[in-house]
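Here is the structure we will look at.
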Amino acid sequence: MQTPLTQKPRHGFQTDDPLLEPIAEKVQRGERLTFEDGVTLYRSGDILAVGWMANLVRERLHGDLAYFNVNRHINPTNVCVASCRLCAFGRKKGDPDTYTMALEEAWETAGQGLTEAVTEFHIVGGLHPDLPFEYFMELVSGLKQRYPQVHIKAFTMVEVAFLAKRGKMTIEEALERMKAAGVDSCPGGGAEIFSDRVRHIICDHKIDGSEWLDTARLAHKAGLKSNATMLYGHIENDEDRVDHLLKLRAVQDETNGFQTFIPLSFHPDNTALGHLPKSTGMTDIRQIAVSRLMLDNFPHIKSYWQMVTPKMAQISLRFGADDIDGTVIEEKIYHDAGAETPQGMRRRDLERLITEAGRIPFERDTLYREVTRSEDSFTIAV
Ligand code: V47
């Protein structure tokens, strides 16, 4: 059952910042914002006014609904050729604390999350120099065989491009092989920041921004939905952030293949950028609001509770976010980089966060269809 959207009396827009007034007029008329508007939103001192506008757009799209899912992360290997300065998870081949899951182990680990009837496996990992393309296809097809009801969201655009190269095939061929093996959609990682200047410093050895965007275009053309991320709170500036959002918006105008945008706050611990400070609540909340306002063609903005903490994710539901991600169960990438959040949460905890934010919890599958549960099984509305 689709919950009806609520209509509430709305107080008018008020701000101490005159630069926001023309932007608020555009937002109220449903007009597209410009690069300059984006920079103004990042620099405005009136965060409540920025949040008011983002909330207006969020409620226009989703009313009071707030989405979450029951998912499990699987990171098949931490061996990675890229050595990104931003990352605390990847290890060089031969380092003492590397791991690579045997296929049986990955299939079994996946099953350990089924106590709450997981609807999604989220699979991302290192760029392993030796694992063949077939390892990843077997991993996916084995999961599909064992858990046919579970949606497989696997491989960032960086992994897709790397695996195509490893398998000596075009990206189009790699995507077709992935689909045939059972990949249902792609996660949004690896986008980081598209600016070449910043990318050279934080993640020099992986595909550049335009290759990431081209690979996303091809994935959408192949019929796979995907997400998009942006890593913020390191050495990027406001212009880099707006540039990133506008590049995503332009691809979305062409393909309509992105479902959700997820801003990821940089966690510096144990990375080569460990001297940088952690992002603050104000930066996190502003990032959500500006993303909602600039990405007018993205259906969903996710405030990923693992990254920003459950408390901030909850508050974000009033600042533009409509999704807080899922149960996750076992997270490695941000916890290696110092995240202090729990590794997973139960459905009822996510529902409580949402309800206490005055929103209506809506359990979704990866494609945002409603999930209805009885005991430990579920059905998906189609
Ligand atoms: O691409 C790596 C980021 C991403 C750090 O699609 C870091 O629903 C912060 O793809 N501090 C991978 N971030 C995660 C990812 C993802 C996560 C949640 C939801 C979805 C989705 C996708 O993690 C990487 C990189 O941008 N990352 N290291 C770090 N130290």
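Predicted model, so just to flag it, every value in this text is computed and none were measured. Start at 1 and go down the list; that is how both ligands and their atoms are numbered.
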>> Among Arg241, Arg199, Lys206, exactly one meets salt bridge (Lys or Arg N to Asp or Glu O under 4.0 Å) together with Glu192. Which residue is that?
In response: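 One option only clears the test, and that one is Lys206.
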>> Hydrophobic cluster membership, with links at side-chain heavy-atom distances under 4.5 Å among I/L/V/M/F/W/Y: are Phe162 and Val79 in one?
In response: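 Different clusters: Phe162 never reaches Val79 through Ile, Leu, Val, Met, Phe, Trp or Tyr contacts under 4.5 Å.
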> Does atom CZ of Arg85 have more than 12 heavy-atom neighbours from other groups under 6.0 Å away?
Replying inline: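 Check fails, neighbour count at 12 or below.
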>> Taking the cut-offs as 6.0 angstrom to the six-membered ring centre and 45 degrees off its axis, would you call Arg364 and Tyr368 a cation-pi pair?
In response: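 So Arg364 does make the cation-pi contact.
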> Any side-chain donor-acceptor pair under 3.5 Å between Ser185 and His151?
Replying inline: yes
> Side chains of Asn297 and Gln252: do they bring a donor and an acceptor to under 3.5 Å?
Replying inline: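 No - no donor-acceptor pair under 3.5 Å links their side chains.
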Between the protein and ligand 1, which nitrogen or oxygen pairs come in under 3.5 Å, and how far apart is each?
| residue | atom | partner | partner atom | Å |
| --- | --- | --- | --- | --- |
| ligand 1 | 1 (O) | Gly190 | N | 2.6 |
| ligand 1 | 1 (O) | Glu192 | OE2 | 3.3 |
| ligand 1 | 6 (O) | Gly188 | N | 2.8 |
| ligand 1 | 6 (O) | Asn227 | ND2 | 3.0 |
| ligand 1 | 8 (O) | Lys153 | NZ | 2.7 |
| ligand 1 | 8 (O) | Asn227 | ND2 | 3.1 |
| ligand 1 | 8 (O) | Lys302 | NZ | 2.8 |
| ligand 1 | 10 (O) | Gly189 | N | 3.1 |
| ligand 1 | 11 (N) | His267 | N | 2.9 |
| ligand 1 | 26 (O) | Glu192 | OE1 | 2.5 |
| ligand 1 | 26 (O) | Glu192 | OE2 | 3.3 |
| ligand 1 | 30 (N) | Leu86 | O | 2.9 |
| ligand 1 | 30 (N) | His267 | O | 2.9 |

